[in-house]
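Just so it is clear, the model here is predicted, and its values are computed rather than measured. Numbers restart at 1 for each chain; the letters A, B, ... are given by sequence-line order, proteins then strands.
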2 protein chains.
Amino acid sequence: MIEADIFKALADPTRRKVFEKLAGGSLNASALRDGLEISQPAMSQHLAVLRAAGLVREERQGRFVNYEVDPDGIATIGTWLARYRAYWPKRMEALAGLLKEMDQ
Amino acid sequence: MIEADIFKALADPTRRKVFEKLAGGSLNASALRDGLEISQPAMSQHLAVLRAAGLVREERQGRFVNYEVDPDGIATIGTWLARYRAYWPKRMEALAGLLKEMDQ
DNA sequence: ACAACACATAAGTATATGCTTATGTCTCGT
DNA sequence: ACGAGACATAAGCATATACTTATGTGTTGT
(Lines give C-alpha, C1' and ligand atoms only; values in the text may rest on other atoms or scores of the structure.)
Protein backbone atom coordinates (compact mmCIF):
# COMPACT_ATOMS: atom_id res chain seq x y z
CA MET A 1 0.00 0.00 0.00
CA ILE A 2 1.84 3.05 -1.27
CA GLU A 3 -0.80 5.34 0.21
CA ALA A 4 0.45 4.40 3.67
CA ASP A 5 4.02 5.30 2.68
CA ILE A 6 2.90 8.65 1.34
CA PHE A 7 1.17 9.83 4.48
CA LYS A 8 3.95 8.48 6.66
CA ALA A 9 6.48 10.32 4.56
CA LEU A 10 4.57 13.59 4.80
CA ALA A 11 4.04 13.21 8.54
CA ASP A 12 7.59 14.43 9.14
CA PRO A 13 7.99 18.23 9.09
CA THR A 14 11.50 18.09 7.65
CA ARG A 15 10.35 15.92 4.77
CA ARG A 16 7.50 18.30 4.04
CA LYS A 17 9.99 21.17 3.92
CA VAL A 18 12.17 19.21 1.52
CA PHE A 19 9.18 18.40 -0.64
CA GLU A 20 8.13 22.02 -0.66
CA LYS A 21 11.61 23.04 -1.78
CA LEU A 22 11.35 20.63 -4.66
CA ALA A 23 8.07 22.20 -5.68
CA GLY A 24 10.22 25.12 -6.85
CA GLY A 25 12.25 22.87 -9.11
CA SER A 26 14.82 20.12 -9.22
CA LEU A 27 17.61 20.22 -6.62
CA ASN A 28 20.41 17.93 -5.49
CA ALA A 29 20.76 16.53 -1.99
CA SER A 30 23.30 19.14 -0.86
CA ALA A 31 21.28 22.06 -2.15
CA LEU A 32 18.28 20.68 -0.31
CA ARG A 33 20.25 20.85 2.91
CA ASP A 34 20.89 24.55 3.08
CA GLY A 35 18.44 26.47 5.15
CA LEU A 36 17.53 23.29 7.00
CA GLU A 37 19.78 22.39 9.90
CA ILE A 38 20.20 18.78 9.08
CA SER A 39 23.15 16.41 8.68
CA GLN A 40 24.03 14.83 5.35
CA PRO A 41 23.02 11.29 6.39
CA ALA A 42 19.73 12.52 7.81
CA MET A 43 18.91 14.21 4.51
CA SER A 44 19.87 11.10 2.61
CA GLN A 45 17.56 9.04 4.77
CA HIS A 46 14.68 11.48 4.35
CA LEU A 47 15.13 11.44 0.61
CA ALA A 48 15.07 7.65 0.63
CA VAL A 49 11.73 7.74 2.44
CA LEU A 50 10.26 10.28 0.01
CA ARG A 51 11.50 8.21 -2.91
CA ALA A 52 10.09 4.96 -1.52
CA ALA A 53 6.74 6.71 -1.12
CA GLY A 54 6.74 7.78 -4.76
CA LEU A 55 6.69 11.45 -3.83
CA VAL A 56 10.10 12.17 -5.31
CA ARG A 57 12.28 10.73 -8.01
CA GLU A 58 15.99 10.95 -8.54
CA GLU A 59 18.28 11.36 -11.49
CA ARG A 60 21.97 10.85 -11.02
CA GLN A 61 24.16 13.48 -12.70
CA GLY A 62 27.81 12.75 -12.18
CA ARG A 63 28.45 12.77 -8.50
CA PHE A 64 25.30 14.72 -7.81
CA VAL A 65 21.85 13.26 -7.49
CA ASN A 66 19.07 15.54 -8.61
CA TYR A 67 15.70 15.16 -6.97
CA GLU A 68 12.36 16.33 -8.27
CA VAL A 69 8.69 15.98 -7.37
CA ASP A 70 7.21 12.76 -8.73
CA PRO A 71 3.74 13.39 -10.16
CA ASP A 72 2.76 9.84 -9.21
CA GLY A 73 2.78 10.70 -5.53
CA ILE A 74 0.74 13.83 -6.16
CA ALA A 75 -1.76 11.79 -8.14
CA THR A 76 -2.14 9.29 -5.31
CA ILE A 77 -2.97 12.06 -2.87
CA GLY A 78 -5.36 13.61 -5.39
CA THR A 79 -7.34 10.43 -5.92
CA TRP A 80 -7.41 9.79 -2.19
CA LEU A 81 -8.75 13.29 -1.61
CA ALA A 82 -11.35 12.81 -4.34
CA ARG A 83 -13.00 10.09 -2.26
CA TYR A 84 -14.06 12.79 0.17
CA ARG A 85 -15.46 15.21 -2.37
CA ALA A 86 -18.82 15.14 -0.60
CA TYR A 87 -17.16 17.02 2.23
CA TRP A 88 -15.19 19.53 0.21
CA PRO A 89 -16.07 22.98 1.44
CA LYS A 90 -16.82 26.06 -0.64
CA ARG A 91 -13.29 27.23 0.02
CA MET A 92 -12.05 24.55 -2.31
CA GLU A 93 -13.59 26.21 -5.32
CA ALA A 94 -10.16 27.72 -5.89
CA LEU A 95 -8.80 24.24 -6.30
CA ALA A 96 -11.65 23.41 -8.62
CA GLY A 97 -10.77 26.47 -10.70
CA LEU A 98 -7.20 25.32 -11.10
CA LEU A 99 -8.35 21.91 -12.20
CA LYS A 100 -10.70 23.35 -14.78
CA GLU A 101 -7.84 25.39 -16.25
CA MET A 102 -5.76 22.25 -16.46
CA ASP A 103 -8.55 20.49 -18.26
CA GLN A 104 -8.57 22.95 -21.17
CA MET B 1 0.73 24.04 12.58
CA ILE B 2 -2.38 21.96 11.98
CA GLU B 3 -0.98 20.67 8.69
CA ALA B 4 1.52 18.62 10.69
CA ASP B 5 -1.26 17.12 12.79
CA ILE B 6 -3.23 16.19 9.69
CA PHE B 7 -0.48 14.22 8.01
CA LYS B 8 0.51 12.57 11.27
CA ALA B 9 -3.09 11.59 11.86
CA LEU B 10 -3.41 10.08 8.38
CA ALA B 11 -0.10 8.25 8.66
CA ASP B 12 -1.79 5.57 10.74
CA PRO B 13 -3.64 2.90 8.72
CA THR B 14 -6.32 2.39 11.36
CA ARG B 15 -7.10 6.09 11.45
CA ARG B 16 -7.37 6.18 7.66
CA LYS B 17 -9.86 3.29 7.82
CA VAL B 18 -11.88 5.15 10.42
CA PHE B 19 -11.84 8.29 8.32
CA GLU B 20 -12.92 6.33 5.27
CA LYS B 21 -15.84 4.86 7.21
CA LEU B 22 -16.91 8.35 8.14
CA ALA B 23 -16.86 9.33 4.50
CA GLY B 24 -20.00 7.19 4.20
CA GLY B 25 -21.74 9.21 6.89
CA SER B 26 -21.83 10.02 10.57
CA LEU B 27 -21.15 7.15 13.00
CA ASN B 28 -20.60 6.79 16.72
CA ALA B 29 -17.45 5.42 18.31
CA SER B 30 -18.85 1.91 18.82
CA ALA B 31 -20.16 1.63 15.28
CA LEU B 32 -16.76 2.69 14.04
CA ARG B 33 -15.22 -0.23 15.88
CA ASP B 34 -16.96 -3.06 14.11
CA GLY B 35 -15.05 -4.57 11.27
CA LEU B 36 -11.85 -3.22 12.76
CA GLU B 37 -10.24 -5.36 15.44
CA ILE B 38 -9.54 -2.64 17.88
CA SER B 39 -10.23 -2.07 21.57
CA GLN B 40 -12.51 0.66 22.81
CA PRO B 41 -9.74 2.78 24.34
CA ALA B 42 -7.64 2.49 21.20
CA MET B 43 -10.54 3.75 19.09
CA SER B 44 -11.14 6.58 21.53
CA GLN B 45 -7.49 7.59 21.27
CA HIS B 46 -7.53 7.45 17.48
CA LEU B 47 -10.64 9.60 17.37
CA ALA B 48 -8.97 12.13 19.67
CA VAL B 49 -6.06 12.36 17.24
CA LEU B 50 -8.35 12.80 14.23
CA ARG B 51 -10.32 15.45 16.10
CA ALA B 52 -7.21 17.35 17.18
CA ALA B 53 -6.08 17.37 13.55
CA GLY B 54 -9.37 18.91 12.42
CA LEU B 55 -10.21 15.92 10.25
CA VAL B 56 -13.23 14.89 12.27
CA ARG B 57 -15.73 16.58 14.54
CA GLU B 58 -17.96 15.18 17.22
CA GLU B 59 -21.49 15.74 18.36
CA ARG B 60 -22.64 14.20 21.60
CA GLN B 61 -26.06 12.57 21.44
CA GLY B 62 -27.09 11.17 24.78
CA ARG B 63 -24.53 8.63 25.76
CA PHE B 64 -23.30 8.25 22.21
CA VAL B 65 -20.85 10.49 20.47
CA ASN B 66 -21.40 10.86 16.77
CA TYR B 67 -18.40 11.55 14.59
CA GLU B 68 -18.36 12.99 11.10
CA VAL B 69 -15.82 14.23 8.58
CA ASP B 70 -14.81 17.83 9.23
CA PRO B 71 -14.57 19.77 5.96
CA ASP B 72 -11.87 21.97 7.50
CA GLY B 73 -9.38 19.10 7.45
CA ILE B 74 -10.26 18.27 3.87
CA ALA B 75 -9.77 21.91 2.93
CA THR B 76 -6.33 22.00 4.52
CA ILE B 77 -5.21 19.02 2.47
CA GLY B 78 -6.74 20.54 -0.64
CA THR B 79 -4.90 23.83 -0.30
CA TRP B 80 -1.68 21.98 0.50
CA LEU B 81 -2.10 19.86 -2.60
CA ALA B 82 -2.83 22.95 -4.68
CA ARG B 83 0.70 24.18 -4.04
CA TYR B 84 1.96 21.34 -6.21
CA ARG B 85 -0.37 21.88 -9.12
CA ALA B 86 2.59 22.30 -11.46
CA TYR B 87 3.23 18.59 -10.98
CA TRP B 88 -0.31 17.32 -11.25
CA PRO B 89 -0.35 14.61 -13.89
CA LYS B 90 -2.88 14.05 -16.66
CA ARG B 91 -4.42 11.30 -14.58
CA MET B 92 -5.85 13.92 -12.31
CA GLU B 93 -8.25 14.99 -15.01
CA ALA B 94 -10.65 12.55 -13.41
CA LEU B 95 -10.48 14.68 -10.31
CA ALA B 96 -11.03 17.75 -12.44
CA GLY B 97 -14.14 16.13 -13.87
CA LEU B 98 -15.59 15.60 -10.43
CA LEU B 99 -14.90 19.17 -9.52
CA LYS B 100 -16.62 20.46 -12.63
CA GLU B 101 -19.72 18.48 -11.71
CA MET B 102 -19.62 19.94 -8.25
CA ASP B 103 -19.30 23.41 -9.67
CA GLN B 104 -22.55 23.21 -11.58
C1' DA C 1 46.90 7.60 -9.00
C1' DC C 2 45.14 10.19 -5.46
C1' DA C 3 42.64 13.46 -2.73
C1' DA C 4 38.38 15.72 -2.23
C1' DC C 5 33.64 15.62 -2.92
C1' DA C 6 28.56 13.91 -3.12
C1' DC C 7 25.93 10.70 -1.51
C1' DA C 8 24.38 6.09 0.64
C1' DT C 9 24.42 2.70 4.21
C1' DA C 10 25.22 0.63 8.87
C1' DA C 11 24.76 0.49 13.72
C1' DG C 12 23.45 2.49 17.90
C1' DT C 13 20.39 5.52 20.76
C1' DA C 14 16.69 8.60 22.47
C1' DT C 15 12.10 9.80 21.81
C1' DA C 16 7.46 9.20 19.76
C1' DT C 17 3.69 6.33 18.98
C1' DG C 18 0.08 2.89 19.42
C1' DC C 19 -1.27 -0.54 22.12
C1' DT C 20 -2.75 -2.69 26.64
C1' DT C 21 -5.21 -2.88 31.33
C1' DA C 22 -7.42 -0.25 34.78
C1' DT C 23 -10.39 3.22 36.06
C1' DG C 24 -13.21 7.52 35.73
C1' DT C 25 -17.39 10.17 34.02
C1' DC C 26 -21.71 10.69 32.20
C1' DT C 27 -26.23 8.90 30.47
C1' DC C 28 -30.00 5.75 30.02
C1' DG C 29 -33.51 2.35 31.42
C1' DT C 30 -35.76 0.08 35.13
C1' DA D 1 -31.36 4.90 43.16
C1' DC D 2 -28.84 1.58 40.79
C1' DG D 3 -26.70 -1.26 37.29
C1' DA D 4 -25.29 -1.30 32.62
C1' DG D 5 -23.70 0.93 28.66
C1' DA D 6 -20.76 4.43 25.86
C1' DC D 7 -16.97 6.82 25.97
C1' DA D 8 -12.60 9.22 27.89
C1' DT D 9 -8.41 9.22 30.45
C1' DA D 10 -4.26 7.39 32.91
C1' DA D 11 -0.21 4.66 33.24
C1' DG D 12 2.83 1.31 31.51
C1' DC D 13 5.11 -1.10 27.72
C1' DA D 14 6.84 -2.65 23.12
C1' DT D 15 7.95 -1.08 18.74
C1' DA D 16 8.78 2.54 15.25
C1' DT D 17 11.12 6.53 13.98
C1' DA D 18 14.54 10.15 13.39
C1' DC D 19 18.71 11.24 14.74
C1' DT D 20 23.81 10.50 15.57
C1' DT D 21 28.75 8.81 14.30
C1' DA D 22 31.36 5.90 11.40
C1' DT D 23 32.23 4.00 7.12
C1' DG D 24 31.40 2.59 2.23
C1' DT D 25 30.83 3.62 -2.88
C1' DG D 26 31.27 6.07 -6.85
C1' DT D 27 32.82 10.48 -9.32
C1' DT D 28 35.58 14.51 -10.36
C1' DG D 29 39.73 17.24 -10.87
C1' DT D 30 44.67 17.49 -10.77
Side-chain angles (χ1 to χ4, degrees), chain A residues 1-22 24-70 73, chain B residues 1-22 24-70 73:
Chain A
M1 168 73 87
I2 196 113
E3 201 170 80
D5 295 327
I6 289 199
F7 285 117
K8 274 197 179 186
L10 294 173
D12 183 79
T14 301
R15 282 195 290 265
R16 280 201 309 282
K17 281 178 197 165
V18 168
F19 193 66
E20 184 130 4
K21 275 196 165 193
L22 289 176
S26 168
L27 287 172
N28 63 51
S30 296
L32 282 168
R33 280 182 66 203
D34 38 86
L36 308 177
E37 289 204 0
I38 189 172
S39 70
Q40 179 269 316
M43 176 57 79
S44 186
Q45 288 159 13
H46 281 309
L47 288 169
V49 171
L50 288 168
R51 195 174 346 110
L55 283 164
V56 148
R57 59 187 178 196
E58 66 177 44
E59 186 187 355
R60 184 164 265 282
Q61 272 175 346
R63 56 178 163 175
F64 296 85
V65 178
N66 264 29
Y67 285 91
E68 61 182 356
V69 171
D70 187 340
Chain B
M1 168 74 87
I2 195 116
E3 202 170 80
D5 295 327
I6 288 199
F7 285 117
K8 275 196 179 188
L10 293 173
D12 183 79
T14 302
R15 282 194 291 265
R16 280 201 309 283
K17 282 178 197 164
V18 168
F19 193 66
E20 184 130 4
K21 276 196 165 194
L22 289 175
S26 170
L27 286 172
N28 62 52
S30 295
L32 282 167
R33 279 182 67 202
D34 38 85
L36 308 177
E37 290 204 0
I38 189 173
S39 70
Q40 179 269 316
M43 175 58 79
S44 186
Q45 286 159 13
H46 281 309
L47 288 169
V49 171
L50 288 168
R51 195 174 347 112
L55 282 164
V56 148
R57 59 189 177 194
E58 67 178 41
E59 185 188 355
R60 184 164 265 282
Q61 273 177 342
R63 56 179 162 175
F64 296 85
V65 178
N66 263 30
Y67 285 91
E68 62 182 354
V69 171
D70 187 340

Taking atom types as they are modelled, is there a donor-acceptor pair under 3.5 Å from the base of C/dA8 to the side chain of A/Gln40?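 Indeed there is one.
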Start at the 5' end of DNA chain D and walk down; is the nucleotide closest to A/Asp12 or to A/Arg63 reached first?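 In this pair, the answer is A/Asp12.
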Let me know, please, whether A/Ile38 or B/Leu47 comes out on the 5' side of the other along DNA chain D by nearest nucleotide.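 Counting from the 5' end, the first nearest nucleotide belongs to B/Leu47.
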Let me know which of A/Val49, A/Ile6, A/Ile2 forms a side-chain contact (heavy atoms from CB on, under 4.5 Å) with A/Leu55.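 Answer to the side-chain contact (heavy atoms from CB on, under 4.5 Å) test with A/Leu55 among A/Val49, A/Ile6, A/Ile2: A/Ile6.
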What I'd like to find out is whether the side chain of [X] reaches to under 4.5 Å of the side chain of [Y], using heavy atoms alone.
X: A/Tyr67; Y: A/Leu27; answer: no
X: B/His46; Y: B/Leu32; answer: no
X: B/Arg16; Y: B/Leu10; answer: yes

Compare the minimum distances between each of D/dC7, D/dC19, C/dC19 and the side chain of B/Gln45, then state the nucleotide with the smallest one.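 It is C/dC19.
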Under 4.0 Å from OP1 or OP2 of [N]: is there any side-chain N or O of [X] that close?
X: B/Ser39; N: C/dT20; answer: yes
X: B/Asn28; N: D/dC7; answer: yes
X: A/Tyr67; N: C/dA6; answer: no

[X] [atom1] to [N] [atom2]: how many Å, rounded?
X: B/Leu50; N: D/dA8; atom1: CG; atom2: P; result: 12 Å
X: A/Gln61; N: D/dT28; atom1: CD; atom2: C1'; result: 15 Å
X: B/Glu59; N: D/dC7; atom1: CD; atom2: P; result: 14 Å
X: A/Glu58; N: C/dA6; atom1: CD; atom2: P; result: 17 Å
X: A/Glu37; N: D/dA18; atom1: CD; atom2: P; result: 19 Å
X: B/Met43; N: D/dT9; atom1: CE; atom2: C1'; result: 17 Å
X: B/Arg15; N: C/dG18; atom1: CZ; atom2: P; result: 4 Å
X: A/Leu32; N: C/dA6; atom1: CG; atom2: P; result: 14 Å

Given DNA chain C, 5'-ward residue of the pair B/Pro41 and B/His46, judged by closest heavy atom: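 Closer to the 5' end of DNA chain C: B/His46.
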Under 3.5 Å: donor-acceptor pair, side chain of B/Arg60, backbone of B/Gly62: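 Yes: the side chain of B/Arg60 pairs with the backbone of B/Gly62.
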